[in-house]
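A note on names: the letters A, B, ... follow the listed sequences, proteins ahead of strands, and every chain is numbered from 1.
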Amino acid sequence: MAIAAASQNLVDGILAGSHRAAAKAISLIENDERASEQLIRRLYPQTGNAYTVGLTGPPGAGKSTLVDDIAQIARGDGESVGIIAVDPNSPFSGGAILGDRIRMMRHTVDPDVFIRSMGSRGHLGGLAVATSQARDVLDALGMGYVILETVGVGQSELEVAELADTTVVVLMPGLGDSVQTIKAGIMEIADIFVINKADHPALARTAADLRELLRLDPRQRAWTPPIVKTVATNEDGVHELWQAILKHRRFLEEKGGLKERRRRRLERQVVEIAARRLREEVLVPSTEASGFRRAVQAVTDRRLDPYAAADQLMEEGAKRVAAGS
Amino acid sequence: MVEPVSGRRIRILMAKAGLDGHDRGVKVVARALRDAGVEVIYTGLHQTPEQVVSAAVQEDVDGIGLSLLSGAHMTLFPRILELLKERGAADIVVFGGGTIPQEDAEILKQAGVAQIFTPGTSTDTIVGWVKERFGGRTAAA
Ligand SMILES: Nc1nc2c(ncn2[C@@H]2O[C@H](COP(=O)(O)OP(=O)(O)O)[C@@H](O)[C@H]2O)c(=O)[nH]1
Ligand SMILES: [Mg+2]
């Protein structure tokens, strides 16, 4: 009951536009799974209005600087902006230095911008476990756009595309493996490519490599990802980037792709929650019953094969569910 | 892996207010805190009290560590405490360090600054204080 009352207070605060309540809610999501469920259940009816843009790409490519520029332009259009910027935690201490915010300080006192730094806390895939639900909080807070910035290490930061409506892949010239990185699945998730640091002499080469890679891509696409060149530190090209985002949004909205993307995302989410519940509430308790120990003994003695034992375990689980225990 | 993947982390906002452009000291402390398991949000140089407080609220930090070398401590610290109160965030603990004379440190502590580390304080002392001060708190709701 205490949890319920506390989360209702947070929900009321978020719906009233309180940054403090939104910030506390995100901490709760990061730290306490059970309380977080209560919160999201109450918040969920108020979500679904924000448009989510994800930025991914190698460290130092200029993602944070671009997020800052995009926020500036979006604000100029009268849009409110929520930002979640993820950085890695140290695998040794669990601590982190979260520094993306440094590039966004001009928006800090703007009441229509909310910026949250988040440690990935060991989660692979470029985001944190809490990012999806934190996105929901900023959505419910009334932000017109939510921008997600990934960690920017590793080759497989594909998770952002599962949350974002538009995914922007940020590259920079002169990184030998920069275009190489794309091959590891990034090609599939990019709705827009940015080559930032276009002030660098290797720009032409990187742009040509990328065009070639896109040309060789055998799949038929209804949407061909544009390549936008930017100098984030001078805000060069960022209007073109914003226009590309808006164009992709219109494309998705007009062709029904947005509804479809979001439907698939929610489908995955529901299946994930159900799978976790099955494991935690049905399978794990069943393994603690004596029948399971006997079955494992039978598998050890070769009287039963592992598949038959697994079937028994599932039948046991189904019985427990039917009995309501 | 010392810490589990899930569970609460101490979160500290480290800011450099005022006009001086040295952040070496802050960065050393930030790294030491990270290595002690703390999530440090570093906001860079030349922060105004308004920026520091807005960032601290959005980041839902346990504490603000303010570094000051410019001599404006007697106005900046009280202003931050005042803004935190205005934002309903007076539970965020404020501490700091820099070139602050002992007698000013006493006055600031009377005013509600939790701790002032004078020049020469070891990084270990600061990390120890942070763990002691914030380590026992449970997730705020
Ligand atoms: N020369 C140049 N430097 C840039 C540009 N964009 C960003 N930077 C700098 O590159 C560094 C990394 O930028 P940041 O936005 O933090 O990259 P992130 O790691 O991808 O988030 C910073 O020092 C930026 O000032 C650009 O277009 N040109
Ligand atoms: Mg960054």
Side-chain angles (χ1 to χ4, degrees), chain A residues 2-3 5-7 9-10 13 18-33 35-36 38-39 82-83 85 87 89-111 113-123 128-130 138, chain B residues 1-16 23 26-27 29-62 83-84 86-92 127 130-131 137-141:
Chain A
I3 288 180
S7 66
N9 280 343
L10 288 180
S18 160
H19 281 200
R20 177 96 167 131
K24 290 255 172 226
I26 293 173
S27 299
L28 202 69
I29 288 164
E30 285 188 293
N31 296 329
D32 185 340
E33 205 178 308
S36 145
Q38 294 284 335
L39 183 83
I83 297 167
D87 267 329
N89 288 73
S90 155
F92 303 106
S93 71
I97 295 178
L98 309 175
D100 292 321
R101 217 192 155 94
I102 298 177
R103 317 252 176 256
M104 311 172 189
M105 284 314 280
R106 64 174 156 167
H107 300 296
T108 284
V109 295
D110 182 341
V113 177
F114 184 105
I115 305 168
R116 179 65 172 237
S117 315
M118 192 173 265
S120 60
R121 300 194 178 178
H123 185 71
V129 173
L138 297 187
Chain B
M1 314 243 171
V2 182
E3 300 261 324
V5 170
S6 64
R8 204 189 82 88
R9 298 285 150 68
I10 300 172
R11 281 170 71 88
I12 301 288
L13 184 110
M14 300 275 290
K16 189 101 209 329
D23 61 354
V26 196
K27 284 182 169 166
V29 174
R31 273 195 291 272
L33 286 172
R34 175 198 60 197
D35 294 341
V38 174
E39 282 185 351
V40 179
I41 294 96
Y42 181 59
T43 57
L45 297 165
H46 311 312
Q47 300 300 301
T48 65
E50 285 76 10
Q51 286 176 316
V52 169
V53 169
S54 277
V57 165
Q58 291 171 8
E59 298 289 354
D60 190 33
V61 291
D62 302 289
L83 287 168
L84 282 172
E86 276 174 24
R87 302 284 300 264
D91 58 316
I92 296 177
V127 171
V130 166
K131 294 219 83 166
R137 283 179 29 161
T138 51

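Distance check: His107(A) NE2 to Gln51(B) CD gives 11.5 Å after rounding to the nearest 0.5 Å. The line from NZ of Lys24(A) to CG of Asp60(B) is 4.0 Å long, rounded to the nearest 0.5 Å. The structure places OG of Ser27(A) at 12.5 Å from CZ of Arg9(B), a figure rounded to the nearest 0.5 Å. The CG atom of Leu98(A) lies 12.5 Å from the CE atom of Met14(B); values are rounded to the nearest 0.5 Å. Once rounded to the nearest 0.5 Å, the distance linking CD of Glu30(A) with CZ of Arg11(B) reads 5.5 Å. Rounding to the nearest 0.5 Å places CD1 of Ile41(B) at 12.5 Å from CD1 of Ile115(A).
In this structure, the portion of Asn89(A) lying under 4.5 Å from any heavy atom of chain B is its side chain and not its backbone. When heavy atoms are compared at a cutoff of 4.5 Å, Arg31(B) approaches chain A by way of both its backbone and its side chain. Heavy atoms of Val57(B) lying under 4.5 Å from chain A belong to its backbone as well as its side chain.
The backbone N or O of Gln58(B) lies less than 3.5 Å from a partner atom in the side chain of Arg116(A), making a donor-acceptor pair.
Counting heavy-atom pairs closer than 4.5 Å to chain B, the top-ranked of the candidates Arg103(A), Glu33(A), Met105(A), His19(A) is Met105(A). Taking Val40(B), Leu33(B), Val38(B) one by one and counting their heavy-atom pairs under 4.5 Å with chain A, the maximum is reached by Val40(B).
Heavy-atom minimum distance, Arg34(B) versus Ala96(A): CG-N, 3.4 Å. Nearest heavy-atom pair across Ser93(A) and Ala36(B) is CB-N, 4.4 Å. For the residue pair Thr43(B) and Ile102(A), the shortest heavy atom distance occurs at C-CG1, 3.9 Å.
Side chains of Glu39(B) and Ile97(A) form no contact here, defined as non-hydrogen atoms less than 4.5 Å apart. Considering only heavy atoms from C-beta on, Arg8(B) stays 4.5 Å or farther from Asp32(A) through its side chain.
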